[in-house]
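See below for the structure under consideration.
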Amino acid sequence: MVGKMKNYRRIHTKFSLCGLNCILCPMHNMDNGCPGCGGGEGHQSCSKIKCAIEKNIGEFCFECGQYPCDKYTGASEKDSFITYRNIFEDTEYAKENGIDKYEMILDEKADILRKLLENYNDGRKKTLFCTAVNLMDISDLKDAFENIVSSSKDKMTVKEKAVSAAEIIKAKASEKGISLKLRK
């Protein structure tokens, strides 16, 4: 099984086997970070990958007739380095609308995340930004980002931009009833 785990590959590595948005994860957005499950060297092994290999299912757990199985008990109630809160909703969206359509949304979110990290991160906002892009609806995220850009002044320091961006994102999330704190 170890050799199979190492050689496990998937086409759609932006959205994980189990429903995490890999492309929006802080581990994925690091140099030589996790490429996502089935994305090559460095991907994290897990019981769901082992199960997918054993059952010879396709790209996603939702393709299995037993989904969601016992491996998902309490899955959306905890977080680690990425939030698990929306795995069932995101999986359902991908299942109903198609993975290509869902990946288009992920690409838009990833673009906003990249811009946030490049222009508004003082070294302390990566987790906040990653959590926000995972949990916020794309239209709310675009709205918040437009507000961030329009409120930024040329003479602002990176720290000032980071504080302003964080306040705008937190306010938009709060308006929608979304907590941006990871649950450990």
Side-chain angles (χ1 to χ4, degrees), residues 10-29 33-39 43-44 46-52 55 57-117 125-148 166 168-184:
R10 294 174 59 246
I11 295 167
H12 299 283
T13 58
K14 296 173 186 177
F15 187 54
S16 79
L17 175 77
C18 69
L20 289 175
N21 296 314
C22 292
I23 197 169
L24 306 178
C25 173
M27 295 295 290
H28 182 80
N29 287 291
C34 176
C37 61
H43 73 80
Q44 305 297 309
C46 75
S47 63
K48 292 175 186 87
I49 292 174
K50 182 179 176 188
C51 180
K55 291 183 178 180
I57 66 164
E59 292 270 319
F60 306 100
C61 287
F62 68 73
E63 295 172 309
C64 177
Q66 297 174 339
Y67 175 83
C69 66
D70 291 346
K71 289 176 181 51
Y72 285 88
T73 302
S76 64
E77 298 169 10
K78 62 177 176 31
D79 296 322
S80 58
F81 46 86
I82 187 171
T83 184
Y84 287 72
R85 269 179 265 181
N86 288 355
I87 62 170
F88 295 115
E89 293 89 348
D90 293 344
T91 297
E92 193 60 31
Y93 185 93
K95 188 175 166 182
E96 287 182 13
N97 297 285
I99 190 63
D100 292 335
K101 185 170 182 177
Y102 188 64
E103 283 189 339
M104 286 174 43
I105 293 169
L106 286 178
D107 286 340
E108 286 184 87
K109 287 184 168 196
D111 184 54
I112 291 171
L113 177 59
R114 181 186 51 76
K115 290 173 183 173
L116 286 168
L117 293 173
K125 303 293 184 280
K126 182 185 262 186
T127 299
L128 173 72
F129 293 158
C130 289
T131 304
V133 297
N134 264 284
L135 295 177
M136 293 174 70
D137 180 84
I138 187 62
S139 60
D140 293 330
L141 192 58
K142 285 179 180 179
D143 184 46
F145 187 71
E146 286 174 17
N147 288 337
I148 289 167
I168 291 168
I169 287 173
K170 286 177 184 177
K172 181 57 104 174
S174 178
E175 176 184 310
K176 299 296 180 174
I178 299 170
S179 169
L180 297 179
K181 297 221 183 277
L182 289 179
R183 301 158 306 153
K184 300 287 180 173

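All values below were derived from every heavy atom in this structure, side-chain atoms included, with hydrogens, water molecules and symmetry-related copies excluded.
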Kindly give the heavy-atom pair with the smallest separation between [X] and [Y], and that separation in Å.
X      : Y      : value
Cys22  : Ser16  : SG-CB, 3.4 Å
Leu182 : Ser80  : CD1-O, 3.4 Å
Lys71  : Ser47  : CE-O, 3.7 Å
Lys109 : Met136 : NZ-O, 2.7 Å
Ala144 : Ile168 : O-CG2, 3.5 Å
Phe145 : Lys115 : CZ-CB, 3.6 Å

(Q) Whether Lys101 engages the ring of Tyr93 as a cation-pi pair (distance to the six-membered ring centre under 6.0 angstrom, angle to the ring normal within 45°) should be assessed. (A)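 So Lys101 doesn't make the cation-pi contact.
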Output the distance between atom [atom1] ([X]) and atom [atom2] ([Y]), rounded to the nearest 0.5 Å.
X      : Y      : atom1 : atom2 : value
Asn21  : Glu103 : CG    : CD    : 10.0 Å
Leu24  : Arg114 : CG    : CZ    : 13.0 Å
Ile105 : Asn97  : CD1   : CG    : 7.5 Å
Arg183 : Thr83  : CZ    : OG1   : 5.0 Å
Leu20  : Asp90  : CG    : CG    : 9.0 Å
Ile82  : Tyr84  : CD1   : OH    : 7.5 Å

Q.
side chain to side chain contact (heavy atoms under 4.5 Å, CB included) for Lys176 and Leu135? Distances and angles first, verdict last.
A. CA-CA 10 Å; Lys176 299 296 180 174; Leu135 295 177; over 6 Å; no
Q.
I need the single residue from Thr13, Leu106, Leu113 that forms a side chain to side chain contact (heavy atoms under 4.5 Å, CB included) with Ile23. Which is it?
A.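 Going through Thr13, Leu106, Leu113 one by one, the side chain to side chain contact (heavy atoms under 4.5 Å, CB included) with Ile23 is satisfied by Leu106 alone.
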Q | Thr91: which of Tyr102, Phe62, Tyr72 passes side chain to side chain contact (heavy atoms under 4.5 Å, CB included) | A |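 Among Tyr102, Phe62, Tyr72, the one meeting side chain to side chain contact (heavy atoms under 4.5 Å, CB included) with Thr91 is Phe62.
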Is the shortest side-chain heavy-atom distance between [X] and [Y] below 4.5 Å?
X      : Y      : value
Asp140 : Ile178 : no
Asn86  : Asn134 : no
Thr131 : Arg85  : yes
Leu141 : Glu108 : no

Q: Applying side chain to side chain contact (heavy atoms under 4.5 Å, CB included), run through Leu116 and Ile148 and close with a yes or a no.
A: CA-CA 9 Å; Leu116 286 168; Ile148 289 167; 3.9 Å; yes
Q) Can a salt bridge be assigned to the pair Lys172 and Asp143 using a cut-off of 4.0 Å between side-chain N and carboxylate O? A) yes
**Q.** Atom CD of Glu89: over 12 foreign heavy atoms under 6.0 Å
**A.** yes
Q | Near-ring test Phe60/Tyr67, centroid separation under 6.0 angstrom | A | no
